[in-house]
Number of protein chains: 4
Amino acid sequence: MTDKQILSSVKDQELIEKRRTQMVQGAITLFKEKGFHRTTTREIAKEAGFSIGTLYEYIRTKEDILFLVVDSIHHQVRDQLEAKINLATPSVANFVSVIQSYFHLMDDMQEEVLILYQEVKSLKKESREYVLRKERDMISMLERVIAACLPDEIAKQDVELLANNIFVQGQMWGFRRWILQKQFTLEEYIDGQINYLLKGLNIKAQPDEGFTQKGGV
Amino acid sequence: MTDKQILSSVKDQELIEKRRTQMVQGAITLFKEKGFHRTTTREIAKEAGFSIGTLYEYIRTKEDILFLVVDSIHHQVRDQLEAKINLATPSVANFVSVIQSYFHLMDDMQEEVLILYQEVKSLKKESREYVLRKERDMISMLERVIAACLPDEIAKQDVELLANNIFVQGQMWGFRRWILQKQFTLEEYIDGQINYLLKGLNIKAQPDEGFTQKGGV
Amino acid sequence: MTDKQILSSVKDQELIEKRRTQMVQGAITLFKEKGFHRTTTREIAKEAGFSIGTLYEYIRTKEDILFLVVDSIHHQVRDQLEAKINLATPSVANFVSVIQSYFHLMDDMQEEVLILYQEVKSLKKESREYVLRKERDMISMLERVIAACLPDEIAKQDVELLANNIFVQGQMWGFRRWILQKQFTLEEYIDGQINYLLKGLNIKAQPDEGFTQKGGV
Amino acid sequence: MTDKQILSSVKDQELIEKRRTQMVQGAITLFKEKGFHRTTTREIAKEAGFSIGTLYEYIRTKEDILFLVVDSIHHQVRDQLEAKINLATPSVANFVSVIQSYFHLMDDMQEEVLILYQEVKSLKKESREYVLRKERDMISMLERVIAACLPDEIAKQDVELLANNIFVQGQMWGFRRWILQKQFTLEEYIDGQINYLLKGLNIKAQPDEGFTQKGGV
DNA sequence: TATGAATGAGTGTTCATTCAT
DNA sequence: GATGAATGAACACTCATTCAT
């Protein structure tokens, strides 16, 4: 549904998907290093493994690449987060576990998230709005988890604020790594944040164990 | 101390300061609109009120301008925040008041803070580290306020985490305005955040009033 | 005889003719709109109803298409003009009628003639000379009509000049339409031109009627 | 008054004029050879004697160059023609002399006139209309000459037709040179055309001399 | 000190043409 | 014979930076 918006001269849908995946992977690699503006379409083509002419068979403008990249990152985050959410038997432990997974995910995708933050404003209005809508969806996912697991304790507006805070605290681990990652290990950071969250909600944390799952996400 | 790092062909220190102030103001105006990469040195010179030749008498490269801009924004934030901090008689109310001031400040400087977030990575390593050091200073200010006003209740690592959270929550109001400012007024946002902070610290909020000062920052 | 000069990978002569006809029709449509240089081979293929690969099975270069187009236009003009010429019983009325037919033809083919004028110089020397030879043939046709119908009154060089003038005045109706077609109807234009022609030749025009045939060409 | 429409980053008006003159001369040289589309902006810059960057200080787009070229050619033709027109004591001889001058001028400027014919359609609507208006002015000049010198003999619509015919016959000498210049010398061509003109107007040509001035234009 | 014209490497993008399937 | 994905040379245009005045 996404990719249809980006026009391609090539007709074979599978090929389009394959080439765009290559393109996006190459672009992400380069954007991490040098950002969108300092990266050349030629460099992206080379990194993706095909010629500049071929690149432009699958997109119309450089901005299209940025859109595909941003969209792809969102998809990854969303899909992986969704996989962690199981609201069959909602509970505080359930909530905690989702938050932990989300923080680990943000750890894995630090640099991708940085791209999101730094380059979204380079998109044209329409694409930007599309992307922001996607982000709202992700926050909604967190809201649903909160509402399901902590049902009676918290007003609608508080749910929203909480979801936003969690969302940003996860991203913060990555885009403020130069300070946070000197002061905390990931586990410490997660424990600390969850601790405050629960206390702020007047929920008792289990006293004798950290919240952090041991095995990573 | 800052400006000495940026070389200028001009000798007159006062003049340097004056021209750079013009230049930075022009640049900020333009960066808000179009970001660093899409803004031309010519445009900056024009906006500043002098010629491109003159511009280059006071800097060496376009990146120098970005550095000056980022540095200037930091200074502004820092100075205004410092003015709000009075630790003569530390108290919870005192802490709350500083946080409120900081949030109002972040509201005023939304777009400047956006520049910080989106363009710092365009600085060369050395400048970037300089800028990040400045940011650390600001977080330290918050840490000092926390440590002074809430002395016994909170471990060192928690202070750090808290300071970072507050710092980012303030910035978040601006750079996530497209979602937050649809859901909350500034006062609601501030009240909500402070509420959680204090509850997370097991401090009772005064029951019969919002925390928000009425008269703006 | 023409098409043999343009090489094709395909052997079947009928197919060649069919495909080239499609190609030429598509190309003319596009050239009218945007000219030769602004029209893409891809666009021509699409307009012709087959793929770019197929297009190149029937020609060698883009210029070949232009040649085919120009040649085709010439053929059309020539064939239609030839059909109007009947020198069995030559007379002034006969002459007038041919001229009228020619002017009507030029009216019908305004845009095609424009292509001739604007793009012939884009042909390589050899093709250009071929095309110009064809044009000379058409002028010769006019010369023959003049010589046959107005035999005694006019020297050889004058015949040539006259033929050229008539030829250009016909084209002029199309390629200067932005001015002529505001000032004259086609009938007025034809009458006017023929009037001068005959007076310049000291031939009396029939006093009580316009020369213009009523039923178009 | 013309050039103001083409924006330049350079402020010095004299310099603009100088550089644009260089540019236009270089461009004309190249357009004669290869036409507008096959000529590169870099080639124009080189031919003009400056860098591609400098070229773009004086224009915005390649089309601007074409406009300047077309406008310059028109100016030249117009100015030179105007210099030949002296209607103080109008007479048939006067008329003949202007026509002769015009034909000689068209001979001198054959290739420039070709550019006019072949490239005007590459201009955007607005510029094209501006150029066509200029051309109408030139035809008006011819109309005025005709009306002044041959006052009683010819209706308004006939004046218009005549002016257009003369105008095109002049240009035709150049853009149909491959045929005309094989059949006629310039003098023969001029004599022939004027001869028909006058006969068509029932004016007696002086019997014992050609009309052609001996000394060229 | 101030100016602004000059520079040219670099960028996004196009498009005629090829060739494996 | 037909297809259309791949190619890369070529192009118009930009912009940070310099330097003579």
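To find a chain, count down the sequence lines: A is the first, B the second, and so on, and within it residues start at 1.
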> May I ask you to decide whether C:Glu119 forms a salt bridge with D:Lys121, counting only side-chain N to carboxylate O separations under 4.0 Å?
yes
> Closest nucleotide of DNA chain F for C:Ser9 versus for D:Ile59: which of these residues is on the 5' side?
C:Ser9
> Looking only at side-chain atoms of A:Lys62, point me to the closest of E:dT13, E:dA16, E:dT7.
E:dT13
> Would you indicate what C:Arg42 reaches in the nucleic acid, counting non-hydrogen atoms under 4.0 angstrom: base, sugar-phosphate, or nothing?
base
> So, OP1 or OP2 of E:dA5: does either fall under 4.0 Å of a side-chain N or O from D:Thr54?
no
> Start at the 5' end of DNA chain F and walk down; is the nucleotide closest to A:Ile52 or to A:Asp12 reached first?
A:Asp12
> Name the nucleic acid region contacted by B:Thr40, choosing base, sugar-phosphate or nothing; use a 4.0 angstrom heavy-atom cut-off, strictly under.
sugar-phosphate
> With a 3.5 angstrom cut-off on both distances, give the Watson-Crick or G-U wobble partner of F:dT21, or none if there isn't one.
E:dA2
> Taking everything shown except D:Lys32 itself, do over 12 heavy atoms lie less than 6.0 Å from its NZ?
yes
> Is B:Lys125 salt-bridged to B:Glu129, cutoff N-O under 4.0 Å?
yes
> D:Glu57 CD to E:dT7 C1': how many Å, rounded?
9 Å
> Please report, rounded to the nearest Å, how far the P atom of E:dT17 is from the CG atom of C:Asp64.
9 Å
> For B:Thr39, answer base if it contacts any base atom (sugar-phosphate contacts may also be present), sugar-phosphate if it contacts only those atoms, and nothing otherwise; contact means non-hydrogen atoms under 4.0 Å.
sugar-phosphate
> F:dT14 phosphate, OP1 or OP2: any side-chain N/O from D:Tyr56 under 4.0 angstrom?
no
> Strictly by Watson-Crick or wobble contacts shorter than 3.5 Å, is anything paired with E:dT14, and which nucleotide is it?
F:dA9
> Does some side-chain heavy atom of A:Ser8 sit less than 4.5 Å from a side-chain heavy atom of A:Ile59?
no
> Strictly below 4.0 Å: does A:Tyr58 bring a side-chain N or O up to OP1 or OP2 of F:dA6?
yes
> Which one of B:Arg133, B:Glu126, B:Lys134, B:Arg128 satisfies the side chain to side chain donor-acceptor pair (under 3.5 Å) criterion with B:Tyr130?
B:Lys134
> E:dT11 P sits how many Å from B:His37 NE2, rounded?
11 Å
> Looking at F:dT7, F:dA2, F:dA5, which one has an atom nearest to any side-chain atom of A:Ser51?
F:dT7
> Within the 4.0 Å heavy-atom criterion, would you say D:Arg38 contacts the bases, only the backbone, or no part of the nucleic acid?
nothing
> Just name whichever nucleotide pairs with E:dA9, Watson-Crick or G-U, keeping both distances under 3.5 Å, else none.
F:dT14
> For the pair made of CZ in A:Arg60 and C1' in E:dT14, what is the distance, rounded to whole Å?
11 Å
> Once you round it to whole Å, what is the distance between P of E:dT11 and CD1 of A:Ile44?
12 Å
> Between B:Gly53 and A:Phe36, which residue's closest nucleotide on DNA chain E lies nearer the 5′ terminus?
B:Gly53
> For E:dC15, take OP1 and OP2 only and decide whether either is under 4.0 Å from a side-chain N or O of C:Thr41.
no
> Using 0.5 Å steps for rounding, measure from the OG1 atom of A:Thr39 to the CD1 atom of A:Ile44.
6.0 Å
> Rounded to the Å, how far apart are B:Lys11 NZ and E:dT1 C1'?
11 Å
> What's the CD1-P distance between C:Ile65 and E:dC15, to the nearest Å?
14 Å
> May I have the distance from D:Ile16 (atom CD1) to E:dA6 (atom C1'), rounded to whole angstrom?
14 Å
> If you check every side-chain atom of C:Val10, which of F:dG1, E:dC15, F:dT17 has the closest atom?
F:dG1
